[in-house]
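The chains referred to below are lettered A, B, ... by the order of the sequence lines, with proteins before strands, and numbering in each begins at 1.
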Number of protein chains: 4
Amino acid sequence: MDQTDTVTRILDTAEVLFAERGFAETSLRNITGKARVNLAAVNYHFGSKKSLIQAVFSRYLDPFTERFHRALDDLEARYPDKDIPLEELLETMARTVLEVPAERHSLKVFMRLLGLAYSQAQGHMRRYIQEEYGSAFTRFTELVRQATPTLPDAERFWRLHFVLGSVIFTLSGLDALRDIAEKDYGEHVTVRDLIRRMRPVVVAALQAPLPPVPALRSEASG
Amino acid sequence: MDQTDTVTRILDTAEVLFAERGFAETSLRNITGKARVNLAAVNYHFGSKKSLIQAVFSRYLDPFTERFHRALDDLEARYPDKDIPLEELLETMARTVLEVPAERHSLKVFMRLLGLAYSQAQGHMRRYIQEEYGSAFTRFTELVRQATPTLPDAERFWRLHFVLGSVIFTLSGLDALRDIAEKDYGEHVTVRDLIRRMRPVVVAALQAPLPPVPALRSEASG
Amino acid sequence: MDQTDTVTRILDTAEVLFAERGFAETSLRNITGKARVNLAAVNYHFGSKKSLIQAVFSRYLDPFTERFHRALDDLEARYPDKDIPLEELLETMARTVLEVPAERHSLKVFMRLLGLAYSQAQGHMRRYIQEEYGSAFTRFTELVRQATPTLPDAERFWRLHFVLGSVIFTLSGLDALRDIAEKDYGEHVTVRDLIRRMRPVVVAALQAPLPPVPALRSEASG
Amino acid sequence: MDQTDTVTRILDTAEVLFAERGFAETSLRNITGKARVNLAAVNYHFGSKKSLIQAVFSRYLDPFTERFHRALDDLEARYPDKDIPLEELLETMARTVLEVPAERHSLKVFMRLLGLAYSQAQGHMRRYIQEEYGSAFTRFTELVRQATPTLPDAERFWRLHFVLGSVIFTLSGLDALRDIAEKDYGEHVTVRDLIRRMRPVVVAALQAPLPPVPALRSEASG
DNA sequence: TATGAATGAGCGTTCATTCAT
DNA sequence: CATGAATGAACGCTCATTCAT
């Protein structure tokens, strides 16, 4: 159009609506209507709704992974011969997560999208994210492994996902939870506050004692 | 119909499909088709799709809250004069969560629905759950408060949500994560395993040291 | 609706519009608009546009094949021990073709549809017709074979298709050609006239002398 | 573009796709995509899709009519005072039909296009062909009239269209029919074979005895 | 002279819901 | 009590065409 590029207008509007209502509940007419762009423009520029969704993600994840890799490079350079402490790793992750969307977009939106992607039908978005951006996560996981050498691998796997769940769930539902917190405890939290609060919890979670070995018995579960 | 009640057939089918694909992605045609029930039966028996969704939840949550209240009654009776230990509270919660769906339905489905409800459009489900079943959560929260007297209220609020996020995220994505875990670490986990693994992590998370007070500075966040 | 059944209204309108404009050029909105029926009714009753097209054909071809088989039964009963003369076969075919649509529908429309089906993209209609109604054609072909014992099989195959082309082409373009004929020769032809005119031509075509055997030489052709 | 002229690229691609799928089923995106040419190029060079279709026809019919007129000139020169025999006329027609597309294009495509033009929506193509190229057909018809002086004019008109139908129908459906013929009779036919086969049939058809005069009775037909 | 971008109209299909029986 | 039929709205997408450069 005139002031902003059509593609950008679509992406900006789409990410907000997707985050607010979910993918299926957001129609292309919603998006193009709000973005004041022709309906056909989405299919012209992105090919399909599914591709638009992926483009919305890429716009967050591409700079994120790039920056994250660079931050990990720096970190490894600072600890040339010994393992990077867990706190440093988490600190780096937190900093990168905060930096990237802060530049142009909203962290809340980003987290909400991430939450949606993980709860989506058939997990096709989960698969897409895994394929495109799995390498950064793998690298991070490996560094965490070196930082927690006594933790069994399977245990670490699950604990990292516990933590991931905490982060995505809390940050993606931020608005609602913040309202409750403000009403009940009179304090207005920012994303930074929340991340500050999370840090000791995450460290404690990862370093918690191992669960007792279960007594052997056959069991089934749905 | 004949063998099973139409209402039950619809509920049984709906909960599975909702859990698999989400609410918006599951049409009444999907449900009635698979349940081999007339299309109009949903609107006839439930009034609307939204009401059907709520009915699916009620069928899980009604017995759950009832049983949970009874379990807490027992617990309070066992600790008449002093606070209930945190581990006991968590144990009771875990046991009730495991018991209820095990009777007729799937815990995985239940958790998936819970996760969807929290990530779903407009949060109308979140609101519904809060209104209908908030009392049980509030009672539990209060007992946790007594069990962790040194924790500031706001801190406890957030940590409980961190934990809630862990549980819902991990259990609702169980199938996918289980596949990865099985492939990478060769161990097949059951829901019981997972809950056993969660216990020390949750305790550690709730008892983690407080974060340092931030230096005062003005800050903004999206 | 009120006077006529919705399904019939759709079929009646569809066959006329399809015959006039072709399948791709006729939209469901064209049909439902002219039939004064809800747009969704087509998909409700037929499932898809493709199925509607096939239903239009079935309504002609089902009674046709049934009646044709019966007519051939009669014919075979009348010639218990010797071959049925070619003229009788053609006469029976012509009579059946004339009878069936005359009852409720238009022969012109039927032929036009047949012509369209044969010239259609990817020939999926041709395939459908072959599968559903090929047996009647095969039976007729076999009787023609017995009636023209001196004709090589391949030659008969091609000549039958020459004739089929004549019939479909002429009858499906009947309106336009009739206008020209009326203007130029002052005679108004009916379908019956045309079929009467075709009979000696078809017989002559099938009984024409064989072409000379070509001198052997390598040749290519697109 | 670079190697071949854009206009030619479009025409070459269009005629193939049109012949394969029909006009309505072939989009300008199909054409320009396959021709690796800009989408707007069709409208730029041809003005509209309809004009492109006509251009595709002209590229076949212009040289055909020119050559056909010349061939008829030659023929008339060889028979200065008496009528040209029917076989000679048909031979000349067949030769010209075979010659023209053989130079650069495919006869199959040409016939398929011709068949489509006759069965296509509203007959606007039929009208266009009639207007642009009717003179050649008229001249040929007149020569046939002289070659078959005993045939009533109306009869000749219809018989010529019977024959036209045979040719167009058979040649435009050549691929499918050839497959069947090859499977059932083990012989691979070329276009030349088919035309050789057609010749005696066409002669016989045109020279068939007249049909009996119908007994007078009022009759109606749809 | 070409072309990337954009457009308005229309496509087949699916949706949750309602209605008459 | 239950259901086949129907409906209006909306869906994602594709269309031929136009426009600004």
Write down the distance between CD1 (B/I10) and P (E/dA16), rounded to a whole number of angstrom.
-> 13 Å
From CG of D/L52 across to C1' of F/dA16 the rounded distance in Å is 12 Å
Are C/S27 and E/dC11 close enough that a side-chain N or O sits under 4.0 Å from OP1 or OP2?
-> yes
Nucleotide E/dC11, atom P - distance to CD of D/E25 in whole Å | 15 Å
Using heavy atoms to find the nearest nucleotide of DNA chain F for A/K50 and D/A40 separately, return the residue whose nucleotide is more 5′.
-> A/K50
Can you tell me if the side-chain N/O atoms of B/T6 get under 4.0 Å from OP1 or OP2 in F/dA2?
-> no
Among E/dG12, E/dG8, E/dA16, find the nucleotide with the atom closest to the side chain of B/K49.
-> E/dA16
Whole-Å distance, B/R29 CZ to F/dA5 P, equals 13 Å
Plane angle bin for A/F23 and A/F57 - parallel if under 30°, tilted between 30 and 60°, otherwise perpendicular | tilted
With respect to the phosphate group of E/dG4, does any side-chain polar atom (N or O) of A/H45 fall under 4.0 Å of OP1 or OP2?
-> no
With distance as the sole test, does A/S172 use its side chain to make a donor-acceptor pair with the main-chain N or O of A/G115 at under 3.5 Å?
-> no
The salt bridge (Lys or Arg N to Asp or Glu O under 4.0 Å) partner of B/E15 among B/R21, B/R9, B/R59 is B/R59
Are side-chain heavy atoms of C/V16 and C/K34 found at a separation under 4.5 Å?
-> yes
Quickly work out the B/Y44 OH to E/dT21 P distance and round it to whole Å.
-> 17 Å
Please figure out whether C/V7 or B/A41 has its closest DNA chain F nucleotide nearer the 5' end.
-> B/A41
Length of the line joining A/F46:CZ and E/dA6:P, which is rounded to integer Å = 11 Å
Heavy atoms under 4.0 Å, any strand shown: does B/T26 hit a base, just sugar-phosphate, or nothing?
-> sugar-phosphate
Starting from P on F/dA9, measure out to CG on A/L39 and report it in whole angstrom.
-> 18 Å
Across all strands, who's sitting opposite F/dG4 as a Watson-Crick or G-U wobble pair, both distances under 3.5 Å?
-> E/dC19
Taking only side-chain nitrogens and oxygens of B/N43, does any of them come within less than 4.0 Å of OP1 or OP2 of E/dT17?
-> yes
Over 60° means perpendicular and under 30° means parallel, so classify the ring planes of B/Y133 and B/Y128, tilted if in between.
-> perpendicular
Just how far, in rounded Å, is P of E/dG10 from CG of C/N30?
-> 10 Å
